[in-house]
Amino acid sequence: MQKILVTGAFGQIGSELTPALQAKYGADNVIALGHSNIPPSFKGVVETAEITDMVALEAVITKYHIDTVFHLVSILSAKGEKDPSLTWKINMEGLKNVLDLAVKHKLQVFWPSTIAAFGPTTPKDQTPQDTIMQPTTMYGVSKVAGENLCHYYFLKYGVDVRSVRYPGVISWKTPPGGGTSDYAVAIFYEGLKSGKYECFVNEKTTIPMMYIDDAIRGTIEIMEAPKEKVALGLSYNLAAVSFSAEELATEVNKHLKVDVTYKPDYRQTIADSWPKSLDDSKARTDWGWKHEIDLTKMTTIMIDALKENLPNG
Ligand code: SER
């Protein structure tokens with residue numbers, strides 16, 4: 001990793017991965033690709049090519065002699081259901097462009113999959129690495145297809161593409177938006193703003209979750225792991241903690257008074273189709289994955305950070 005391109009650099013993961021890579025590899029060696037939500041405070045090299053524009057994308061790769069791509073651009077589960085065709089286009093064309101350019105320019109690629117790649121027919125508890133994958137959202141469909149595409153490009157062209165299935169990621173730098181797991185972020189934003197939160201899934205809803213610092217560390221670790229330790233072209237289950245919406249509300253209320261009510265909408269069906277917990281022993285064995293942050297710690301970090309940083313907070 002000497003010259004790095006991060007696509008989706010200003011999304012939930014990119015907003016934190018980009019500075020982490022800048023700190024590690026030097027700000028000049030990390031190119032942030034994105035066209036919306038670019039914070040005025042961002043310091044670094046920015047390019048604005050569309051992920052579906054192969055010519056523009058290749059021009060960026062050539063211009064900076066890129067050797068590694070963290071391809072994060074994606075429309076998430078809840079937003080994806082509003083426009084499934086666009087979701088397919090952005091998620092699949094974008095990935096195929098990156099993989100084709102990886103063949104041509106010998107790039108190493110990181111691409112995230114997700115718990116949303118599973119569906120209602122998947123075993124829910126300690127979901128195995130290899131199991132039934134019949135997702136019921138376009139986001140999930142694009143992620144299963146993407147997993148297969150990565151595997152194909154590894155088998156056919158030997159592309160060094162590495163991947164993990166992220167759980168719901170909890171972070172504070174970007175406001176909650178297009179994801180189903182975002183209730184676990186919104187509770188902090190709304191709780192601090194108004195002391196109330198109307199949760200869009202019911203209190204018993206339990207899905208795997210992870211604090212962003214663990215997600216970023218895991219992402220960099222799998223990319224830095226020796227080639228022989230990583231199953232290339234495979235998306236590894238990656239887990240940290242699982243808790244219900246109610247358990248999260250209880251933990252938050254240890255720090256601040258938030259009146260949480262529950263009004264499930266279409267996102268309930270999505271959350272219900274996902275695993276409750278993941279078996280990530282393959283990641284732990286192969287390249288030494290280990291999470292560090294539990295529910296108690298992430299709650300404290302989120303509240304402390306948002307108290308400082310929430311506009312009018
Ligand atoms: N955070 C994602 C979502 O909710 C899951 O990968 O869509």
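Hydrogens, waters and symmetry mates are skipped; everything else that's a heavy atom, side chains included, is used. Counting convention: from 1, in listed order, for ligands and their atoms alike. Residue numbers count from 1 along this sequence.
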Indicate yes or no: does K96 engage D100 in a salt bridge with an N to O separation below 4.0 Å.
-> yes

Indicate yes or no for a side-chain donor-acceptor contact from T48 to the backbone of H35 under 3.5 Å, with no hydrogens or angles considered.
-> no

Is there side-chain contact between S15 and T174, with at least one heavy-atom pair below 4.5 Å?
-> yes

Any chance you could measure S163, atom OG, to L234, atom CG, to the nearest 0.5 Å?
-> 8.0 Å

Indicate yes or no: does K204 engage E247 in a salt bridge with an N to O separation below 4.0 Å.
-> no

Kindly confirm or rule out a cation-pi arrangement of R267 over F200, judged by NZ or CZ under 6.0 Å from the six-membered ring centre and within 45° of its axis?
-> yes

Got the residues with a heavy atom under 4.0 Å of ligand 1, by chain and number?
-> L76, S77, T114, Y139, G179, T180, S181, W274

